Amino acid sequence: MTIEPPDFIRTLDEADPLRAFRQRFSLPPDVIYLDGNSLGALPAATAPRLNEVVRQEWGNGLIRSWNTYDWIGASRRVGDKIASLIGAGAGEVVVADSTSVNIFKLLMAAIAARPGRKIILSEAGNFPTDLYVADGISKLLPQLSVRAVEPSRVLEAINKDVAVILLTHVHYKTGHKYDMAAITRRAHECGALVIWDLCHSAGAVDVNLRAVDADMAVGCGYKYLNGGPGAPAFLHVARRLQKDLKSPITGWFGHAAPFDFAGAFQPAPDIGRFLSGTPPILGLTALEIGVDLMAEAPRELLFGKSQQICSLFIELIDKTCQGFGLDVLTSRDPLSRGSHVSLRHPQGYPIVQALIARGIIGDFRAPDILRFGFAPLYLSFSDIWRATDALRDVLATREWDADQFKARALVT
Ligand SMILES: Cc1ncc(COP(=O)(O)O)c(C=O)c1O
């Protein structure tokens, strides 16, 4: 039996200026999708556009399409569109590689630009790839070490020994959001550079890189930007730094004139120097659809709705899910969190699986975190109400306590 949401929820949906965007996504009718922070939903325009690119641009155009359909400009063109979502300027963002590879390129570039400094500063508990890549670099360059401190200690740990600070703006587990302006300011006072990982920020919260005088950033295309599984990532380098920073991957797409086939590497004079090899045109095509769709929504409405649905979710959890051993891990202050909310429960894994069996898709992060992402373009307030009502029911009936929900899959 489906219970309908109360009137105040329906009123919120009726007043939602973004509600028409849901029709622009191909979401299964029986699913409430709360995992757009891991893999965004499929825009309705993506499959027809990919079909067109495959058949017409690739099938008929063949190699000519690098010019006739401007495949060659796609990394910069889509980069410019992402730039406007994160408060950067045209020519400051390119789409390339994966977030992990982009972290490597920017860390190496930053380290070379700060000779004599010995520390890569990061957060203990940062997303693993960020720390793995930083650790890998410290093995390549033994004069460097990684210092990973608790989030509350980051500001005081910034000093003149630090070459570069690598932080994830919105934490993938807790949803905690750093004060980007304060950290960037302190880093600049000490002469250090900062790389922001915006994987859980781009398209989810208001990011204004120019306003905080940010140095560099990276982020992925497959979460809130709805670019599809394994979508290419993006990287940002402030214009004022571009000519002094060098990518350690001196591939031909980063050359000033790739089709001169010159004997020696000459980096492009601009952000193009951070490209490596041939871009994945099909992945870029799908990403461009997701980014274009998001660009249609006014930023203040998008990010206002993110905050509002996260607050509603927490409020409903507080009201209806008490007494079942569930804790809210994410901040209740909308200004210090991203667009996902994490809950804690010792039986987090089977609870998430029981919800998924009901069509309510969130995810689980070890050891005990139930994570729910709130993508403002395709979620309604009724979805949030139905999800919390189902969660209450799964807890109250102990529906999760069944063998079928306890076997761990490889991807959680
Ligand atoms: C904060 C953060 N950084 C990096 C990544 C991984 O990026 P990629 O797989 O594109 O290298 C993720 C993936 O979830 C992430 O959440």
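In listed order, ligands and their atoms are each counted from 1. Model, not experiment: these values are computed from the prediction.
The side-chain contact (heavy atoms from CB on, under 4.5 Å) check on Asn159 picks up Asp161, Val162, with sequence neighbours excluded. Judged as a salt bridge (charged side-chain N to carboxylate O under 4.0 Å, His left out), and not counting sequence neighbours, the contacts of Lys406 are Asp401. Partners of Arg299 according to the side-chain contact (heavy atoms from CB on, under 4.5 Å) rule, which considers only residues two or more places apart in sequence or in another chain, are Asp206, Phe303.
A distance limit of 4.0 angstrom between heavy atoms and ligand 1 selects the residues Ser98, Thr99, Ser100, Phe127, Thr129, Asp130, Thr168, Asp197, Cys199, His200, Tyr222, Lys223.
Under 4.0 Å is where a charged nitrogen must lie from a carboxylate oxygen, and between Asp383 and Arg22 at least one such pair does.
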task = Evaluate salt bridge (Lys or Arg N to Asp or Glu O under 4.0 Å) for Asp13 paired with Arg19, printing each intermediate quantity in order.
result = CA-CA 7 Å; Asp13 278 332; Arg19 70 183 182 283; over 6 Å; no
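Centroid-to-centroid, the aromatic rings of Phe374 and Phe372 stay 6.0 Å apart or farther.
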